[in-house]
Asks: 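Quick one: the structure is below, and I'll ask about it shortly.
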Amino acid sequence: MNLTELEKLAASGEKIAMLTCYDATFAKLMELAGVDMLLVGDSLGMVLQGAENTLNVSMHHMTYHTKSVAAGAPNTVIMADMPLGSYEHDDEAAYKNALWLIRSGADLVKFEGGGSKVKTARYLVERGIPVSAHLGFTPQSVNQLGGYKIQGKTDESAAKIMADAIAMSEAGVSFIVLEMVPAALAKKITESIKTPTIGIGAGVDCSGQVLVMQDLLGIYSGVSGKSPREFKTPRFVKNFLSETNSIQYAVSSYVHAVKNKSFPAPEHSY
Ligand code: KIV
């Protein structure tokens, strides 16, 4: 499936099942299991490198893993994250870094934030680079946001996320990832714009869902060096491996659950 076909699938109302992926072996397995889109997320800073957050991920890390994923899943749409520092300062630098990710095998790039980032999204889209926005909780701003907190709980912050989603949609982005926002807000946004939304901790009414693959397998237990007992699994995470006992089945069971809207259930939503 290419990006145009995937956009048509989303427009038809079928839910989009997306997972993060960082290497060729898992990319091939996920392609065979019917995952619609793979995200080479800068979450690799946490789940591969053992860091506390995503702030030290570089363009070199992202292009290396994007190449690996593209080699494993040549027939699946690949979204690659633009890491912190690669897109905020000026649009020309953002374009060059986005192009580097595209030439490494990504079909589209994702970056975090609304506001001034709308102009950057438009700049890239006008130059032929497909873009996904990422609104709500934006992990690269974890320190400014005061930790891993749900966004859009007050009327004011909900209105800001809605306004950013509308502006990003008008700028021509292909998808909008909504992370850790109340399900009711994600539903309202999804109904208000043409651009498909992909939720993570944003309820079942988004156009699709994404999960970090280590979370789907129940194998992430927090930063290296800290006891897993200190780690609190986020509410939106579901371990699909415990029910299936096979990685291949866990992934296809996730795809199935997203398509038939049984995941996320209310207990995974805010
Ligand atoms: O980096 C990542 O894995 C992400 C998801 C949390 C959406 O951006």
Side-chain angles (χ1 to χ4, degrees), residues 16-23 26-27 30 35-59 61-66 68-69 77-87 98 101 106-114 117 121 131-142 145 147-152 161 165 168 173-181 186 189 195-203 206-217 219-220 222-223 233-238 251 254 258 263-264 268-270:
I16 303 299
M18 182 179 189
L19 281 176
T20 68
C21 189
Y22 316 96
D23 71 19
F26 275 103
M30 288 180 189
V35 179
D36 295 309
M37 179 158 51
L38 301 179
L39 170 63
V40 187
D42 63 353
S43 49
L44 67 84
M46 298 164 80
V47 296
L48 300 190
Q49 298 174 340
E52 196 146 357
N53 51 44
T54 60
L55 308 187
N56 285 299
V57 175
S58 69
M59 278 300 298
H61 299 142
M62 291 309 304
T63 50
Y64 174 88
H65 288 282
T66 300
S68 306
V69 171
V77 174
I78 297 168
M79 183 189 287
D81 265 342
M82 300 198 69
L84 182 70
S86 70
Y87 61 91
L101 286 165
D107 295 285
L108 71 165
V109 299
K110 168 165 85 61
F111 54 82
E112 298 181 5
K117 311 293 174 8
V131 169
S132 171
H134 183 155
L135 303 174
F137 178 73
T138 45
Q140 292 172 10
S141 310
V142 62
L145 297 174
Y148 292 83
K149 291 185 179 157
I150 312 157
Q151 304 297 307
I161 297 170
M168 280 294 189
V173 301
S174 302
F175 294 94
I176 297 180
V177 170
L178 294 174
E179 181 165 356
M180 283 173 73
V181 297
I189 292 172
T195 309
T197 57
I198 306 286
I200 174 163
C206 294
S207 321
Q209 300 293 329
V210 59
L211 262 192
V212 170
M213 74 171 234
Q214 281 79 356
D215 287 339
L216 166 128
L217 300 175
I219 56 171
Y220 182 68
V223 67
T233 303
R235 182 184 169 101
F236 57 80
V237 166
K238 177 173 173 188
V251 173
Y254 165 75
V258 170
F263 178 80
H268 305 117
S269 310
Y270 302 102

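As the structure is a prediction and not an experimental result, all values here were calculated from the model. All ligand and atom numbering here is 1-based and tracks the order in the structure. As a basis for the values below, the full set of heavy atoms in this structure was taken, side chains included, without hydrogen atoms, waters or symmetry mates.
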Asks: Using 30° and 60° as the class limits, which term best fits the ring planes of Tyr22 and His65: parallel, tilted or perpendicular?
Replies: perpendicular
Asks: Tell me, do Val181 and Phe137 make a side-chain contact under 4.5 Å, heavy atoms counted?
Replies: no
Asks: With atoms numbered from 1 as shown, which atoms in ligand 1 lie under 4.0 angstrom from a non-hydrogen atom of Thr20?
Replies: 3 (O)
Asks: Hey, does Ile198 have a side-chain heavy atom less than 4.5 Å from the side chain of Met79?
Replies: no
Asks: Hey, what's the ring geometry for Tyr270 with Phe236, parallel, tilted or perpendicular (30° and 60° as the breaks)?
Replies: perpendicular
Asks: Would you mind reporting whether Thr195 and Met168 have side-chain heavy atoms less than 4.5 Å apart?
Replies: no
Asks: Does any part of the side chain of Val177, heavy atoms only, come nearer than 4.5 Å to the side chain of Glu112, both counted from C-beta?
Replies: no
Asks: May I ask whether Lys110 places a heavy atom under 4.0 Å from ligand 1?
Replies: yes
Asks: In Å and rounded to the nearest 0.5 Å, what is the CG to CD distance from Leu44 to Gln214?
Replies: 9.5 Å
Asks: What part of Leu44, side chain from CB on, backbone N/CA/C/O, both or neither, has a heavy atom under 4.0 Å from ligand 1?
Replies: neither
Asks: Where's the contact between Leu39 and ligand 1, heavy-atom distance under 4.0 Å: side chain, backbone, both or neither?
Replies: side chain
Asks: Nearest protein heavy-atom contact for atom 3 (O) of ligand 1: which residue, which atom, what distance?
Replies: Ser43 OG, 2.6 Å
Asks: Using a strict cut-off of 4.0 Å, indicate which atoms of ligand 1 neighbour a heavy atom of Gly41.
Replies: 1 (O), 2 (C), 3 (O)
Asks: Within the 4.0 Å heavy-atom shell around Asp81, which atoms of ligand 1 are there?
Replies: 1 (O), 2 (C), 8 (O)
Asks: I want to know if ligand 1 touches Asp42 in the polar sense, i.e. an N/O pair below 3.5 angstrom.
Replies: yes
Asks: Students should be able to answer this: which protein heavy-atom is nearest to atom 6 (C) of ligand 1, and at what distance?
Replies: Glu179 OE1, 3.7 Å
